[in-house]
Amino acid sequence: MTDKAEPGASHGGQRVGHGRVIAASISAAVGAFLFGFDSAVINGAVDSLSAHFALSSFVEGFAVAVALLGCAVGAWYAGQLADRLGRKRVMVLGAVLFLLSSIGSGIAFTVWDLMLWRIIGGIGIGIASVISPAYISEIAPAKIRGALTSVHQLAITIGIFAALLSDALVAHTAGGAGDTLWLGAPAWRWMFLIGAIPAIVYGILSLLIPESPRYLVRAGKDIEAARVLRSVVGDPDPDRKIVDIRSSLHQEARTSFRDIKGHRFGLKPLVWVGIILAGLQQLVGINAIFYYSTTLWKSVGFSESDSFITSVITSVINVALTFVAIIWVDKFGRRLLLLIGSCGMFVGLGAASLSFFHAVGSGDNISLPEPWGIIALIGANLFVIFFAATWGPLVWVLLGEMFPNNMRSYALAIGAVGNWLCNFLVSVSFPFLAQHIGLGTVYCVYAAFAVISFFFVKSKIPETTGAELEHMTGKTLHESN
Ligand code: BGC
């Protein structure tokens with residue numbers, strides 16, 4: 001379950017435009033939708049659950065971020081499990097974890113069992129983050145694989161949007177996130193419970209889609225693999241394809257963790273470049289917005305309903321700008337877009353930071369005097385605009401293509417784990433830092449990471465646009481010069 005995620009590798013010979021393969025890809029992308037939904041759904045609930053369980057800012061941050069530790073575990077094991085059990089079974093497992101987490105979080109008795117349910121959901125998210133793009137790239141004909149894999153990132157952003165919209169609607173219906181909605185339960189519990197619906201849909205779709213031909217060949221089920229290749233993928237010559245798959249499986253069996261080991265703190269320099277790139281994507285603080293924006297806007301004097309609406313608008317911007325990345329990625333190249341993204345993120349974060357320094361009052365009576373309220377809003381959304389059009393999708397694109405074949409699967413997995421751990425760091429620290437050093441300083445730190453990200457890309461990231469995966473040298477930009 002590894003080198004199949006190679007965008008651009010030639011499989012040749014397939015007929016394109018198969019309805020069934022598109023339907024299967026979209027079904028698998030529901031996993032990515034749940035990844036977005038389940039990671040962001042806490043946004044609207046966090047204030048009320050924090051008040052309900054009387055949490056300190058540190059425990060509040062931990063309750064939000066603990067899911068991300070589960071994500072790291074899920075992402076690390078998903079590939080191995082999918083090779084052993086099959087892609088479909090792992091997707092069904094993911095759906096069950098999402099379902100358990102939604103119901104468990106919704107009826108949590110204490111913050112401790114809430115954390116347990118969030119870790120369980122996190123494992124589901126980690127699994128989905130690996131299995132959805134992997135399945136899509138295994139089932140898609142080469143010519144439309146790029147477009148179909150982009151469906152994955154789009155589905156994540158749509159999931160975030162759906163979670164924030166659902167949070168806003170639930171809070172609005174109840175009159176407030178802490179007010180009683182149906183069956184005597186407060187709105188914030190329903191925010192989690194609603195996640196059960198897409199989880200069930202995902203479980204059913206996972207049972208209906210065909211198993212990946214790559215897994216079937218690995219399991220020795222060649223006749224079934226040929227059937228899927230012919231009738232779903234539209235491959236006119238399934239037997240040749242099965243031979244191809246078998247030879248790449250053979251090559252893959254010879255790669256091991258040793259291939260990413262090196263002299264720079266135990267790893268090859270390029271592997272570190274991948275880890276740092278993935279980490280920087282989080283250290284600019286994107287999820288301080290997507291997990292905490294409702295709290296953020298309330299904390300600077302917005303009403304609860306305005307805070308919910310602002311969060312929904314930001315998530316729509318996030319979806320819309322992802323299309324820009326999809327359109328521009330092959331035209332302007334990864335490097336240039338990342339550099340532009342770093343500059344734009346710096347301006348947005350800097351403006352937000354400056355505004356937050358002008359907050360007046362304390363506790364519940366805090367506000368941002370004009371024009372700082374509007375500058376904070378524009379700054380934060382400018383940051384999301386540049387992130388969504390560049391660093392959001394491109395880091396995942398690059399991680400999929402910057403490593404040579406022999407180290408790709410391990411290097412990619414370790415990069416993903418680095419991304420989840422930095423996400424954990426930002427999410428666990430945000431409420432605590434906001435309370436103790438102030439929002440202005442926190443955003444200043446995120447802006448500093450945007451500056452670092454610029455110089456990092458400039459000096460370390462090679463341009464991979466248009467290059468064949470087979471031609472990746474395994475060298476950093478610095479080493480190639
Ligand atoms: C990041 C997520 C983030 C999302 C926002 C992804 O690329 O990895 O952490 O929540 O973008 O759209």
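Ligands are counted one by one from 1 in listed order, and the atoms in each one are counted from 1 as well. The first residue of the sequence shown is numbered 1, and numbering continues consecutively from there. Everything numeric here is computed off the predicted structure, so don't read it as measured data. Hydrogens, waters and symmetry mates are skipped; everything else that's a heavy atom, side chains included, is used.
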So do the side chains of F290 and V384 get within less than 4.5 Å of each other, counting heavy atoms only?
yes
Between A278 and L399, the two heavy atoms sitting closest are CB-CD1, 4.0 Å
List, pair by pair, the atoms of ligand 1 and of the protein that are both N or O and lie under 3.5 Å apart, giving the separation rounded to 0.1 Å.
{"unit_1": "ligand 1", "atom_1": "7 (O)", "unit_2": "Q281", "atom_2": "NE2", "d": "3.0"}
{"unit_1": "ligand 1", "atom_1": "7 (O)", "unit_2": "G392", "atom_2": "O", "d": "3.0"}
{"unit_1": "ligand 1", "atom_1": "7 (O)", "unit_2": "W396", "atom_2": "NE1", "d": "3.1"}
{"unit_1": "ligand 1", "atom_1": "8 (O)", "unit_2": "Q281", "atom_2": "OE1", "d": "3.1"}
{"unit_1": "ligand 1", "atom_1": "8 (O)", "unit_2": "W396", "atom_2": "NE1", "d": "3.3"}
{"unit_1": "ligand 1", "atom_1": "9 (O)", "unit_2": "Q282", "atom_2": "NE2", "d": "2.9"}
{"unit_1": "ligand 1", "atom_1": "9 (O)", "unit_2": "N287", "atom_2": "ND2", "d": "2.9"}
{"unit_1": "ligand 1", "atom_1": "10 (O)", "unit_2": "N287", "atom_2": "OD1", "d": "2.7"}
{"unit_1": "ligand 1", "atom_1": "12 (O)", "unit_2": "N318", "atom_2": "ND2", "d": "2.9"}

Take the angle between the ring planes of F62 and F424 and call it parallel below 30°, perpendicular above 60°, tilted in between.
perpendicular
Residues pairing under side-chain hydrogen bond (donor to acceptor under 3.5 Å, both in side chains) where one sits in residues 377-399, two or more places apart or in two chains, turn out to be T314-N381, S342-W391
When rounded to the nearest 0.5 Å, the distance separating CG of L339 from CZ of F455 is 10.0 Å
Among D38, L49, V170, whose side-chain contact (heavy atoms from CB on, under 4.5 Å) with F192 holds?
L49
